[in-house]
Amino acid sequence: MATVRVQAEPFDAGAELALLLAGRTDVGGVGCFVGVVRNAAGGRPIRAMRLEHYPGMTDRALERIAAEAEARWDLQGCTVLHRHGRLLPGDLIVLVLAASPHRQAALDATGFLIDWLKTRAPFWKQEEFADGDAAWVEARQNDTAAAARWESETL
Amino acid sequence: MATVRVQAEPFDAGAELALLLAGRTDVGGVGCFVGVVRNAAGGRPIRAMRLEHYPGMTDRALERIAAEAEARWDLQGCTVLHRHGRLLPGDLIVLVLAASPHRQAALDATGFLIDWLKTRAPFWKQEEFADGDAAWVEARQNDTAAAARWESETL
Amino acid sequence: MIHVLYFAWLRERMGRAEEALPLPEGIATVAGLIGWLTARDAAGAHAFANPEVVRAAVNQDFAGPSDPVRPGDEVAFFPPVTGG
Amino acid sequence: MIHVLYFAWLRERMGRAEEALPLPEGIATVAGLIGWLTARDAAGAHAFANPEVVRAAVNQDFAGPSDPVRPGDEVAFFPPVTGG
């Protein structure tokens, strides 16, 4: 069962882990990834990161990504949370959790979830530089390549 | 900088994550793995899991494993906590965190840390079954194979 | 009518986040709609100047250039996503 | 003297968690010490009956059969580890 949420508010990774495990004793391991706002981009100091999203579509996209992970691995639950709005360096942007009886499945599903989210969830980052300038982050070839790894493994 | 700890007490994954990130804004992502005591082994219900360790050697072994991860990946810190003593199904046994500017490094280091820990840290699990029977867990071929993947990538 | 949404720098270049418009005569695909918006005014020409960096969704699913657009649809245009 | 430690089922089979003993005459390696302990008594014969599932550490570093054992060393015997 997937928990998917898009929110402006901060999230509590420990509380989400506890929620994922609550009331069950059959989980063997939980993989996790937390994305954090960095204080610089290409050597240029960043004052804030603004995250725009497509409200109607983001929840659907995250639900699909989670469902895809649950179809590919033996998961007992997963959590995908993504923040939007204006975040500061050091703030947590995204949280992915994947619980499984087996550690490799938990870890692989975690990597898959974050890779796919980066190329399939309708979020756009804008960096606000220390001098007040702002620039939209360009999609990275790296991210497309990372997501493509999982495509070639389909079917 | 690695944080390594072997303890009987429960740990708080969220607090450890906060500690790893405290006072810095240059981290891009944190990979994480949490191992949990399962309620059954080979279909047989488990009442508890007892973890024996080699006190003098475990800290050293965990420090080495952490140092090896820090030598292989661009990490800004990692945390390896392992519990010992008698744990119940649903209890957290082990926590691995790896912080990096880059998500792939964080995720790969997390996988490495847990794989190596499983074959290089002197802990032994004993399962206490519902009927009072107890059995030492045998090392799994899988774990050795998982750790060996990282060996072939050395040097 | 169709409901058209713009995000990120496409929103900025279009000067609006959304608009409702009658499905233009003879337009039946995402590519067709892009062509029509490009020709409509300077904002559209600027926003869609570089179509290979424009992505689209129809009714909140990612859509390609040849995917159909029908009356009642919600069509969104945006740059490649950069979340996570 | 050497300090010998046993863990998990090796501890159970040896009937002790540790012992101090003089380095036996002519014993200079991990394999040599295993042979000596195997021959010493029934507990040792039982604990080391299957040497391929016995692992060792000398002074808290993993050690192989041919690694040296010297007076003052801490030598530990245990099954393959199963933490994590």
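Computed from a predicted model, the values in this text were never measured in an experiment.
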Q: Mind listing the closest non-hydrogen atom pair of V34(A) and L17(B) along with its distance?
A: CG2-CD2, 4.0 Å

Q: Below 4.5 Å from any heavy atom of chain B, which atoms of Q104(A) appear? Answer side chain, backbone, both or neither.
A: side chain

Q) Out of curiosity, H102(B) NE2 to R38(A) CZ, how far, rounded to the nearest 0.5 Å? A) 5.5 Å

Q. Is it the side chain or the backbone of D12(A) that comes within 4.5 Å of chain B heavy atoms, both, or neither?
A. neither

Q. With only heavy atoms counted, which part of L88(A) is less than 4.5 Å from chain B, the side chain, the backbone, both or neither?
A. neither

Q: Count the heavy-atom pairs under 4.5 Å between each of A146(B), P89(B), C32(B), G90(B) and chain A, then report the option with the highest count.
A: C32(B)

Q: For residues F33(B) and A106(A), report the shortest heavy-atom separation together with the two atoms involved.
A: CE1-CB, 4.4 Å

Q: With the side chain counted from C-beta on, respond yes when R103(B) and D143(A) share a heavy-atom pair under 4.5 Å apart, and no when they do not.
A: yes

Q. Are L107(B) and L107(A) close enough that some pair of their side-chain heavy atoms sits under 4.5 Å apart?
A. no

Q.
With a 4.5 angstrom heavy-atom cut-off, is it the side chain or the backbone of I46(B) that approaches chain A, or both, or neither?
A. neither

Q.
Surrounding CD of E138(B) (heavy atoms of other residues, nucleotides or ligands, distance under 6.0 Å), is the total greater than 12?
A. no

(Q) As an exercise: rank A13(A), A98(A), G28(A), G23(A) by heavy-atom pairs under 4.5 Å with chain B and give me the winner. (A) G28(A)

Q: Walk me through it: do T25(B) and V37(A) pass the test side-chain contact (heavy atoms from CB on, under 4.5 Å)?
A: CA-CA 7 Å; T25(B) 55; V37(A) 179; over 6 Å; no

Q) What residue in D115(A), L97(A), V96(A) has the most heavy-atom pairs under 4.5 Å with chain B? A) D115(A)

